[in-house]
Each structure stands twice: as C-alpha cells, then as structure tokens.
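Scroll down for the structure; my scribbles are underneath it.
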Protein chains: 2
Amino acid sequence: MNAAAQLADNRRKLLEIAAEEILENGFQATSIGDILTKSGLSKGALYHHFPSKLTLGYAVFEEVFVPECATRWEPALNTPDPITSISILLRAQVHEMTDEMIRLGCPVNNLGQEMSPIDEGFRQRINREINHWRDELAAAFKRGQATGHVKTEIDTRQVATFFIASIEGAIGLAKNAQDRALLETCTEGLINYLEGLRA
Amino acid sequence: MNAAAQLADNRRKLLEIAAEEILENGFQATSIGDILTKSGLSKGALYHHFPSKLTLGYAVFEEVFVPECATRWEPALNTPDPITSISILLRAQVHEMTDEMIRLGCPVNNLGQEMSPIDEGFRQRINREINHWRDELAAAFKRGQATGHVKTEIDTRQVATFFIASIEGAIGLAKNAQDRALLETCTEGLINYLEGLRA
DNA sequence: AGTATCAGACCGACCGGTCGGTTTTCAAGG
DNA sequence: CCTTGAAAACCGACCGGTCGGTCTGATACT
C-alpha cells in the first residue's frame with residue numbers, strides 16, 4: 001500500500017472505531033484512550049488527523065452515521081407508491097436489525113438526544129440531517145399524491161414529521177426494553193397509520 | 001425547623017439539584033462537584049445520604065422524574081372517553097411546556113437513551129416505568145371500548161405502545177430542533193391517529 | 001534536504017470516592 | 001434542669017486514576 005492510501009486508511013480506521021465507541025457509550029463518555037487502544041494507533045496519529053475530540057465527533061457524524069442512514073432509506077423514497085414501498089422497507093429493516101442494533105438504537109438520534117442541549121455544533125448538524133429526511137419523505141408523499149396513491153387532502157410535511165418522530169420513538173422504546181417485539185408492534189402501528197393515508 | 005426536617009430537607013435538595021444537572025448534562029457527564037457547589041452542601045453530606053453516584057442517580061429517577069411524569073398524565077387516564085380527554089391533555093401539555101422543557105426533553109426517556117445500553121439498574125427501572133405507562137394507557141383505551149367511545153377491533157396494547165413511541169419521538173425531535181412548532185405538528189398528527197380509533 | 005506523518009512521554013484539570021475529625025442531636029442518669 | 005456520652009450528621013482535604021490535549025523527537029517518503 002502506498003503512503004497516501006495508508007494515510008487515508010488510518011483516518012478511516014479512527015473514524016470507524018470512534019463511531020463504534022460513540023454508539024456504545026455516547027460522545028461524552030467515549031474516551032480518546034479507548035479509541036487509540038482499539039485502533040492500535042497513537043495519540044499523535046489521531047491529533048494529526050483531527051484537531052480535537054469535538055471535531056472527531058463531527059466527522060464521525062458526517063462521514064459514518066449520515067451515510068449509513070442515507071443508504072438505508074434511499075430505496076423507498078423514489079417510487080410512485082410511497083406508502084407501499086415504505087411499508088415494505090420498514091418491515092424489512094426491522095427484520096434485518098441485529099440484536100446489537102436494537103440495543104444501541106439510532107446513531108443520529110442518540111447523538112442528538114445527548115448533545116443537542118449542550119453543543120450547538122452537533123445540534124445544527126443533526127437538525128440539518130433530520131430536516132433533510134423530512135424533506136425527502138414529504139417529497140415522496142407528494143409524489144404519491146401526484147400518482148393518485150395518496151390522499152390529496154393530507155399535509156405531506158406534517159405526515160413526514162410525524163412519521164420520523166414515531167420511528168425514532170419506536171427505536172428508543174425498543175432500545176430501553178431491549179425487546180425486538182416492541183419495535184415490531186410500533187412498526188405495525190405506523191403502517192396502520194400510513195394505510196389510512198391511502199387514496 | 002427541627003432536626004429531622006432539616007435532614008430530609010438536605011436530602012431533598014441534593015435530589016432536586018442532581019435532577020437538574022442530570023436533565024441538563026446527562027447522568028455520566030453530571031459532576032458530583034457541581035451538585036455540591038449548587039447545593040452549598042458538602043461531599044460528606046452527599047455521601048452520607050447516598051452511597052455512590054449511581055444510587056443517587058437511581059434515587060433521582062424514582063423520587064423526582066417518575067412522580068413528575070405521573071402527576072402530568074394521571075388526569076387523562078381515568079375517563080369514560082379517553083380519546084377526547086387524552087387529546088385535550090396533549091394539547092394543554094404542549095401549550096404549557098416552557099422553552100426550557102423543549103430544549104431538555106423528557107427526563108425519563110433521556111436517561112433511558114443514555115443509560116439503558118450500559119447500566120442494567122437504570123435500564124430495568126426505566127423499562128418498568130414505561131411498561132407501567134403502557135398498562136395504564138391500554139387500560140384507558142379498554143375502558144373507552146367498554147363505554148362505546150373506542151373501536152372494539154383495535155388492539156389496545158398496540159395502540160398504547162405506538163402512542164408512547166410517537167410522543168417520546170416527538171419530544172426528541174423538538175429537542176433537537178429546539179422548535180416548539182415541531183412538537184405541535186407531531187401532536188396534531190398523533191391526535192389525527194387517535195381520532196381514527198373512535199367508534 | 002525538507003516535509004508529512006506519526007510515536008508516546010508528559011501535563012494540568014478534573015473525576016468519583018474515602019477518611020479522620022468536628023459538630024449537632026438526643027436520650028439516659030443523676 | 002443539668003450533665004454526659006454515644007450516635008448521627010456533616011465537613012473538606014486528600015487520594016488514585018482518567019481525561020483531553022501538547023510537545024519533542026524520530027521516521028519515512030518526496
């Protein structure tokens with residue numbers, strides 16, 4: 001491996017291990033020392049790539065958590081019948097979630113709940129991302145209205161907002177209980193709600 | 001003030017200030033030193049009342065957070081027409097929430113999201129409390145079925161679960177965005193959902 | 001030779017928790 | 001009513017350990 005590739009590789013390794021630690025312990029309780037031990041890299045290497053723990057956290061959010069979520073939801077958004085495709089994806093996602101994922105919850109929401117009240121940098125990044133989800137979802141419902149699959153009288157943005165809140169709430173509940181059944185129950189409730197929006 | 005009252009008073013003061021700090025910073029990031037400074041009491045006093053930070057945290061949950069929530073939701077549960085009374089209470093609660101409360105979110109859910117994956121003692125306490133809410137809500141819907149206000153074909157426990165998930169999710173979203181409108185939007189979505197359950 | 005990329009010893013601040021000592025309380029004995 | 005003594009309540013200096021971050025070299029590539 002050439003030098004440039006090795007460099008990028010070390011940066012990536014730090015990001016991914018930091019992501020694991022942050023997901024497991026939260027940002028504040030994540031220790032730089034633990035990241036170094038797990039990665040086998042040195043403090044010098046880390047502080048060469050990232051000027052502070054906070055900027056490392058921002059990078060983890062933008063370069064690990066956000067892309068993860070994006071690839072997960074993309075397939076359901078650009079379809080003529082969003083209610084059907086979202087319901088299918090929802091059931092599939094819940095089915096594919098590992099016990100570990102249920103125990104740890106949604107990375108983006110976890111970070112938001114922990115850091116939003118105490119760090120404006122995190123808050124803005126997370127808020128921007130969630131607004132992005134809202135926009136994409138609302139656009140999907142609007143498309144469904146255009147194709148005649150979704151009731152025209154609904155406020156698509158309100159539905160999108162409620163949808164995200166319900167999902168994040170459901171993941172949080174399942175995380176507390178460490179119980180997949182809770183997630184399935186909430187998913188069915190949410191799908192019931194969506195079916196009520198069908199034209 | 002007599003001695004016994006002073007004693008109970010100091011304990012209560014520690015609990016309440018600890019509750020504030022935990023709500024603001026999370027449990028792990030809350031410093032014993034800050035609690036002592038704010039309360040004006042000494043480390044000796046604190047460790048006389050609570051053997052460790054962890055047991056202090058448990059006490060805050062059980063003696064501050066849980067009763068707070070209980071008194072907030074009680075009025076809507078023992079009524080013949082739960083959909084109406086819950087909707088009214090929901091709108092009232094959202095209206096009465098201060099900006100501070102929106103910024104900080106739900107104490108019980110915050111603690112659960114932070115501590116459930118890493119401390120079994122917290123997890124069990126929080127899970128027990130949420131199950132209690134579920135039971136009470138489900139019973140309220142069941143009562144509504146008996147009085148003919150709620151569709152008989154719905155699964156009351158599923159509805160109760162979905163309801164809690166949606167509310168907690170909505171509070172979380174509003175906390176991230178620091179935006180009361182988000183909470184209002186989700187509340188209306190939830191009320192729409194509830195109205196769909198009317199007999 | 002010069003520069004990017006580390007390696008890790010080191011730093012002060014802060015953490016939760018301990019412990020020896022002091023004050024307060026209160027019941028019992030005179 | 002007073003004295004006394006032990007227990008309860010409290011104080012805060014102190015402890016070992018961990019934290020995020022800095023800095024001085026060493027190494028390897030260009």
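Note on naming: letters A, B, ... go to the chains in the order of the sequence lines (proteins, then strands), and numbering restarts at 1 for each one. All values below come from the heavy atoms of this structure, side chains included, with hydrogens, waters and symmetry mates left out.
Residues that satisfy the salt bridge (charged side-chain N to carboxylate O under 4.0 Å, His left out) test with B:Glu68, not counting sequence neighbours, are absent from this structure. Scored by the ring pair (Phe, Tyr, Trp, His ring centres under 6.0 Å) test, B:Phe27 finds B:Phe122 as partners (sequence neighbours excluded). In this view, A:Glu74 satisfies the side-chain hydrogen bond (donor to acceptor under 3.5 Å, both in side chains) rule with no residue, not counting sequence neighbours. With sequence neighbours excluded, the residues that form a side-chain hydrogen bond (donor to acceptor under 3.5 Å, both in side chains) with B:Arg134 are B:Asn131, B:Thr161. Residues satisfying the side-chain hydrogen bond (donor to acceptor under 3.5 Å, both in side chains) criterion with B:Asp34, sequence neighbours excluded, are absent altogether. Among residues two or more places apart in sequence or in another chain, the side-chain hydrogen bond (donor to acceptor under 3.5 Å, both in side chains) test is passed with B:Thr30 by none.
Between the CG atom of A:Asp9 and the P atom of C:dC6 there is a distance of 10 Å, given to the nearest Å. Summarising the geometry, the separation between CG on A:Leu14 and C1' on C:dC6 is reported as 11 Å, rounded to the nearest angstrom. Atom P of nucleotide D:dT22 and atom NE2 of A:His48 are separated by 15 Å, given to the nearest angstrom. Taking atom CG of A:Asn25 as the reference point, atom C1' of D:dG20 lies 16 Å away to the nearest angstrom. Between B:Lys13 atom NZ and D:dC10 atom P the separation is 12 Å, expressed in whole Å.
The shortest distance between the side-chain N/O atoms of B:Asn10 and the OP1/OP2 oxygens of D:dC10 is below 4.0 Å.
Between its opening and closing five pairs, the helix from C:dA1-D:dT30 to C:dG30-D:dC1 changes axis direction by 0°, a value rounded to 10 degrees.
Closest to the A:Leu41 side chain, of the nucleotides C:dA7, C:dC6, D:dA9, is C:dA7. Comparing D:dG21, C:dT18, D:dC10 against the side chain of A:Tyr47 picks out D:dG21 as the nearest. Here the side chain of B:His49 is nearest to one of D:dC10, C:dG16, C:dA7, namely D:dC10.
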Taking N or O atoms only and anything under 3.5 Å, show me the protein contacts with nucleotides 8-10 of chain C, one pair per line.
residue: C:dG8; atom: N7; partner: A:Gly44; partner atom: N; Å: 3.4
residue: C:dG8; atom: O6; partner: A:Gly44; partner atom: N; Å: 3.3

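Less than 4.0 Å separates DNA chain D from no heavy atom of any residue of residues 26-38 of chain B.
Annotation: side chain to side chain donor-acceptor pair (under 3.5 Å) contacts involving residues 52-65 of chain B, sequence neighbours excluded, comprise B:Arg11-B:Glu63, B:Ser52-B:Thr55, B:Tyr58-B:Asp119, B:Glu62-B:Arg125. The stretch residues 176-199 of chain A participates, sequence neighbours left out, in these ring-ring contact (aromatic ring centres under 6.0 Å, His included) pairs: A:Phe162-A:Tyr193. Among residues at least two apart or in separate chains, salt bridge (Lys or Arg N to Asp or Glu O under 4.0 Å) pairs with a member in residues 148-175 of chain A are A:Asp135-A:Arg157.
A salt bridge links A:Arg91 to A:Glu188: one of the charged nitrogens lies within less than 4.0 Å of a carboxylate oxygen.
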request  = Determine, step by step, whether A:Arg198 and A:Asp81 satisfy the salt bridge (Lys or Arg N to Asp or Glu O under 4.0 Å) criterion, reporting the C-alpha distance in whole Å, the side-chain angles of both residues, the deciding distance to 0.1 Å, and the verdict.
outcome  = CA-CA 9 Å; A:Arg198 213 181 269 285; A:Asp81 179 3; 3.5 Å; yes
